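Notes to accompany the following structure.
Only a predicted model underlies this, so the values are computations on that prediction, with no experimental measurement involved. The chains referred to below are lettered A, B, ... by the order of the sequence lines, with proteins before strands, and numbering in each begins at 1.
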Amino acid sequence: MSSQLLELYVFVLAAFTGYMVITRVPPLLHTPLMAATNAIAGISLVGSLIAAGAAQNRVATTLGFVAVVAATSNIVGGFIIVDRMLKMFKRDTGPAKQPPAKQPPSGA
Amino acid sequence: MSSQLLELYVFVLAAFTGYMVITRVPPLLHTPLMAATNAIAGISLVGSLIAAGAAQNRVATTLGFVAVVAATSNIVGGFIIVDRMLKMFKRDTGPAKQPPAKQPPSGA
Amino acid sequence: MRDLFIQASYLAASVMFILGLRMLTRPDKARRGMQLAGVGMLFAIVGTLLNHTIVDFRWIIAGLILGVIIGYPMGTRVPMTAMPQRIALSLTLSALAATLVGVAEYYTRMAAGTPPDRVTMTALGFEIMLGCITVAGTIVAAGKLQEWLPSRPLTYKGQNLLNGLVFLGIIALLITVIADPTQQWAFYSMIGVALLFGTMLVLPIGGADMPVVVALLNSYSGLASCATGFAIGNVILIISGSLDGSSGFILSVLMSKAMNRSFTNVLFGAFGSEPKAVGAKSSAGMSVRSIGVEDAAIQLAYAQLVIIIPGYGMAVAQAQHAVRELAELIEKRGGEVKFAVHPVAGRMPGHMNVLLAEANVPYDKLYDMDEINGEFDRADVALVIGANDVVNPAARSDKASPIYGMPILNADHAKSVIVLKRGMSAGFAGIENELFYDRKTSMLFGDAKASLTGLIGEIKNV
Amino acid sequence: MRDLFIQASYLAASVMFILGLRMLTRPDKARRGMQLAGVGMLFAIVGTLLNHTIVDFRWIIAGLILGVIIGYPMGTRVPMTAMPQRIALSLTLSALAATLVGVAEYYTRMAAGTPPDRVTMTALGFEIMLGCITVAGTIVAAGKLQEWLPSRPLTYKGQNLLNGLVFLGIIALLITVIADPTQQWAFYSMIGVALLFGTMLVLPIGGADMPVVVALLNSYSGLASCATGFAIGNVILIISGSLDGSSGFILSVLMSKAMNRSFTNVLFGAFGSEPKAVGAKSSAGMSVRSIGVEDAAIQLAYAQLVIIIPGYGMAVAQAQHAVRELAELIEKRGGEVKFAVHPVAGRMPGHMNVLLAEANVPYDKLYDMDEINGEFDRADVALVIGANDVVNPAARSDKASPIYGMPILNADHAKSVIVLKRGMSAGFAGIENELFYDRKTSMLFGDAKASLTGLIGEIKNV
Ligand SMILES: NC(=O)c1ccc[n+]([C@@H]2O[C@H](COP(=O)([O-])OP(=O)(O)OC[C@H]3O[C@@H](n4cnc5c(N)ncnc54)[C@H](OP(=O)(O)O)[C@@H]3O)[C@@H](O)[C@H]2O)c1
Ligand SMILES: NC(=O)c1ccc[n+]([C@@H]2O[C@H](COP(=O)([O-])OP(=O)(O)OC[C@H]3O[C@@H](n4cnc5c(N)ncnc54)[C@H](OP(=O)(O)O)[C@@H]3O)[C@@H](O)[C@H]2O)c1
């Protein structure tokens, strides 16, 4: 079977899986969910690395480099922030453990 | 990517999907579920047809023929019986519609 | 172009299969779902028939026609009570098909002098191995369930050791043929040994354990068709194979959980081999109160809430229709009737549900264990119809009991209990049941169907 | 061998991603789940770096380092209240990466004189199109959310027509380049037009609608990376892309449902463009009862059950910590406190949950709408903190209202209602709220944080 066709199957099945997994995430965690899937989307780093390292031509290398920067910062930032968020969700356990981090005001 | 590898991905994802779909089937329908998946497993007819029709050599044709018979009877019988079963499951709607079919005794 | 259509039909089929199973999660959509899956199957078949490699249609047509002729009665005739062996048999068929395809593939490649490469051979090897084990195993299982074969466990000393050795033999042959695909002798003798192993594996197991075994074999056959898919490079086989496999696996886990047994215990334990004699220690000195049809009828006629607990005995007695009649009668007299269905009542998952549905009991009257267990305290009568283990209080109290820890229906919480069974013999687990000796329990002996007909007649006259 | 390892690492990564997201269904497992996903990411990266085609690591290393330098503060510094724009920005980044990879791929193939075949070109085309739309759109969205750009809707006559034309332009270019992949001009001008379209699409939409837009763009960027996956034949991109896509899609549907709006309405409606003036018809002649901190404090101090309803205002006022303090104080005095969180309170799904979690409110004190709505009748005080639309009874009663039919929290069922807001101005939906004019409602005007600090002080002295 042509590999592009197989990739189509992978796509369909992955979409199913995604749909079924994500519909079961409780509203409580919807913000972390958004952040999480975005962080995972940083996987486009995979393609970027190849573009940046294949040394095919200067243009590809440059574009690849920028892509690597973008994807990496997205991954690093994304996973850190998700972890920060999820760390905050606690069951009721007497006195709160860590003191709430001070926050700079912001326009949200 | 090698197509065998892609098939591996398909397998993994399909297993996920299967797991998630089937864990959500209520106990009420577990018998139909068993019958249903078996009927679907009759898809091995696909391979059988090719074996029986490719006319590669007499052995393959014969084996293919037997396989076709087995798979077909499984599909036909399977889907009919599942439909029979599911037809029986009804919400409460006053008097029962069709009279219960008479059953030959059996050892089950 | 044509090829595109073939592939599209396969993709459509796979999607329809998944969606179809997904609709099985809702009783009201289930039927439409399976019809969808059926359409998917049609797509797949048509798609395949367009395949270029198919040049000669004579055998195909013959096979299809013969298959329909055999399959149609299998679908229309088989009674619901025969589902367990029916399912076992359908496993045999699909596994058989998968296996034969594998053999044909191997033979052709060898004949054409183009032996399969290692990866393909691995797939083929596993397919044949799993396929043969399933074929042999399911045939034995079906035989036992249909009682063509002695359904009691056949055990002999050192059987597990022997099985183990045979299995090692299979693996050895498998490795040989993978290492060098041209070793035809290894390939073909593996078929023989695998068939042997399947038989030896299932033969010792008691008929009542079969459902677990069948479910387990189901997951094997699922894997087998996945392997076929890998071998001949066909995705739809892989997909439906894994759907089949996971359902088999999940259900076998569910069953052994609900029976609190482990796989190993089911497969190698030959559980329940020596049925404990009636009147074992636990019941020594206790006495049962037998009751007549009349008195039972009175109790039921004036009860506010009756909870009916069907069990394997109802299936044996084919009493489901009588049960419905009784329920309707009580309701006509103003009483409330609910059905309490234990997840492993009967001999396969959902067994009772199907039988009662067949008797036109609406499924919103059937309650799962967790839904109903709270209500027994309200119930005036718990009517136990051929159930035993699933209402055995020992599961709660008696640490020594083999079913200790298995969740049960709290029949003993009802104000009074009426048990319909033929005698005092034990159930599947082969153990005593204190419930029958409880003061508020009265036993209505006799075949469930007969007793029920009696009850119905009496209540009409009350 | 090495290749095998690469592939294994990809497969492992995909599995870890799925399992990781699956663990997000349980708050107590969620964190471990995402760490698992993180490990998966590491696997994928390492696997890629072993790839033969990578010959020059200088740019890679530079890029990775720079990326970490930029990403780290983005992760550690960004306040929770800035999540919406943070998410928009992270979309920009991943879409940007995907797009650039696509462009590089196309450029390289053209330079090497081996133009991509149709299928690949289709994938590339879609990737670039979706990618560019997302990049431009999310930048605008982030700008509006951060209020660098005017967050009010910018509408002009015939804008939808114009957008439509531009979109047709993109499609035309897309078809051209697919039909003949060597048409470089079409490819590159498509990039420009797509960027333009993304800007024009989002610019007119009001800042408050952004979350829906962002979620929608999220599903686009997911599709974009799927397309990349197809283009460069990399499965893991396809898998994570579809995970990303489905989450975006599901959430946008969820939001527009909860706001009962349609996509079209969100995208082309420029809803809430003319904020209805305070004291619109509905409120004519009605009067609000303002209350002082002291009286409010007394009410809260002696309440048995207080249900706190946080809204967007709490986010604006950064009042989450003060809220927690107040709740703890009331509980110390023996009162019971529950938090009622509406699915679309705030400006993104789960907004309130995150803020309250940040303030160390245990999540088992946060109740979904359906769980809590029954309890308001028991509640002595419903404390509305910067919420408005989500407690607007018009959604139940007033067929004319734009939010009619949107499920709301039954604050008006509580014995008394205290509302903390700065003035009488409307909320997101830009409509009057009768609740504020209800007899049992008292308004505590002022910035939520200030008012809360006041309340805390008073209650201490009660
Ligand atoms: N559902 C599954 O998936 C599954 C699979 C494998 C094993 N099992 C096991 O099967 C058992 C099911 O429990 P259960 O309570 O439903 O059945 P059971 O414990 O096997 O008891 C059945 C009872 O019905 C009585 N009976 C048999 N024929 C009858 C007839 N014609 N009329 C009236 N009574 C009759 C028998 O007593 P008499 O002979 O004295 O009449 C027997 O005690 C559990 O132990 C479960 O673990 C279930
Ligand atoms: N959650 C989502 O996913 C999402 C996405 C898009 C849209 N939305 C929409 O957003 C709305 C959310 O409803 P909501 O009730 O949470 O918020 P809202 O209806 O937007 O009302 C917020 C209220 O808070 C008050 N406020 C603002 N700043 C304040 C401060 N510093 N101190 C005290 N009060 C302050 C405002 O009144 P004053 O100015 O008079 O103080 C305003 O009436 C819904 O209409 C929903 O459809 C939600």
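- With a threshold of 4.5 angstrom between heavy atoms, A/N74 approaches chain D through its backbone and through its side chain.
- Only the side chain of A/T61 has a heavy atom closer than 4.5 Å to any heavy atom of chain D.
- Neither the backbone nor the side chain of D/A95 comes within contact range of chain A; no heavy atoms are under 4.5 Å apart.
- Scanning both residues, D/L243 and A/G18, for their nearest heavy atoms gives CD2-CA, 3.6 Å.
- A/I40 touches chain D through backbone and side chain together, each having a heavy atom under 4.5 Å away.
- Using a 4.5 Å cut-off between heavy atoms, D/Y72 touches chain A through backbone and side chain atoms alike.
- Contact annotation for D/I65: neither backbone nor side-chain heavy atoms come within less than 4.5 Å of a heavy atom of chain A.
- A/S48 places no side-chain N or O within 3.5 Å of a backbone atom of D/A98 that could act as its donor or acceptor partner.
- For chain D, the nearby part of A/L29 is the side chain; its heavy atoms alone come within less than 4.5 Å.
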Is there a side chain to side chain contact (heavy atoms under 4.5 Å, CB included) between D/R22 and A/R24? Walk through the geometry before answering. CA-CA 8 Å; D/R22 192 130 198 289; A/R24 282 160 100 173; 3.7 Å; yes
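- The number of heavy-atom neighbours closer than 6.0 Å to CZ of D/R32, taken from other residues, nucleotides and ligands shown, is 12 or below.
- Residue D/T228 does not touch chain A at all, counting heavy-atom pairs closer than 4.5 Å.
- For A/V82, the part sitting under 4.5 Å from any heavy atom of chain D is the side chain, from C-beta outward, and nothing else.
- Heavy-atom pairs under 4.5 Å with chain A were tallied for D/S225, D/G20, D/G38; the largest tally goes to D/G38.
- Contact of D/M34 with chain A is made through backbone and side chain together, with heavy-atom distances under 4.5 Å.
- Only the side chain of D/L96 comes within contact range of chain A, with at least one heavy atom under 4.5 Å from a heavy atom of that chain.
- Among all heavy-atom pairs drawn from A/L33 and D/L251, the shortest one is CD2-CD1, 4.2 Å.
- Here D/C226 contributes atom SG and A/E7 contributes atom CD; the two are 11.0 Å apart, rounded to the nearest 0.5 Å.
- Ring geometry, D/Y363 versus A/F89: the interplanar angle falls from 30° to 60°, so the pair is classed tilted.
- For D/P343, no part lies under 4.5 angstrom from a heavy atom of chain A.
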Side chain to side chain contact (heavy atoms under 4.5 Å, CB included) between A/T31 and D/M80, worked out: CA-CA 10 Å; A/T31 302; D/M80 286 305 148; over 6 Å; no
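- Nearest heavy atoms, A/S44 versus D/L237: CA-CD2, 3.6 Å.
- Within the model, atoms NZ of A/K90 and CG of D/D28 stand 14.0 Å from one another, a figure rounded to the nearest 0.5 Å.
- With a 4.5 Å cut-off on non-hydrogen atoms, D/L223 touches chain A through its side chain but not through its backbone.
- The candidate with the highest count of non-hydrogen atom pairs below 4.5 Å against chain A, out of D/I70, D/V103, D/V55, is D/V55.
- No other option in A/V21, A/V10, A/L28, A/L13 has as many heavy-atom pairs under 4.5 Å with chain D as A/L28.
- Counting heavy-atom pairs under 4.5 Å between each of D/G63, D/P27, D/A13 and chain A puts D/G63 at the top.
- A/A67 approaches D/V101 most closely through the heavy-atom pair CB-CG2, 4.3 Å.
- Of the atoms belonging to D/S221, not a single heavy atom falls under 4.5 Å from chain A.
- Taking each heavy atom of A/I43 and D/A44 in turn, the nearest pair found is CD1-CB, 3.7 Å.
- The CG atom of D/L24 lies 9.0 Å from the CD1 atom of A/I22; values are rounded to the nearest 0.5 Å.
- Heavy atoms closer than 4.5 Å to chain A are found nowhere in D/E105, neither backbone nor side chain.
- In this structure, the portions of D/I239 lying under 4.5 Å from any heavy atom of chain A include both its backbone and its side chain.
- Heavy-atom neighbours of D/K29 NZ from other residues, nucleotides or ligands within 6.0 Å: at or below the threshold of 12.
- Rounding to the nearest 0.5 Å gives a distance of 10.5 Å between CG of D/L100 and OG1 of A/T62.
- Closest approach of D/F230 to A/Q4, counting heavy atoms only: CE2-O, 4.1 Å.
- Heavy atoms of D/N218 lying under 4.5 Å from chain A belong exclusively to its side chain.
- Remark: of the listed residues D/I60, D/V68, D/L93, D/V68 is the sole one forming a side chain to side chain contact (heavy atoms under 4.5 Å, CB included) with A/T72.
- With a threshold of 4.5 angstrom between heavy atoms, D/R86 approaches chain A through side-chain atoms but not through N, CA, C or O.
- Contact annotation for A/L45: only side-chain heavy atoms (C-beta onward) come within less than 4.5 Å of a heavy atom of chain D.
- Residue A/Y19 holds its OH atom at 10.0 Å from OG of D/S246, rounded to the nearest 0.5 Å.
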Show your reasoning for whether side chain to side chain contact (heavy atoms under 4.5 Å, CB included) applies to A/I81 and D/M74. CA-CA 8 Å; A/I81 208 163; D/M74 282 177 62; over 6 Å; no
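- To the nearest 0.5 Å, atom CG of residue D/L21 and atom CE of residue A/M20 are 13.5 Å apart.
- Heavy atoms closer than 4.5 Å to chain A are found in the side chain of D/I250, but not in its backbone.
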Verdict with reasoning, A/I50 to D/N51, per side chain to side chain contact (heavy atoms under 4.5 Å, CB included): CA-CA 8 Å; A/I50 292 175; D/N51 195 311; 3.8 Å; yes
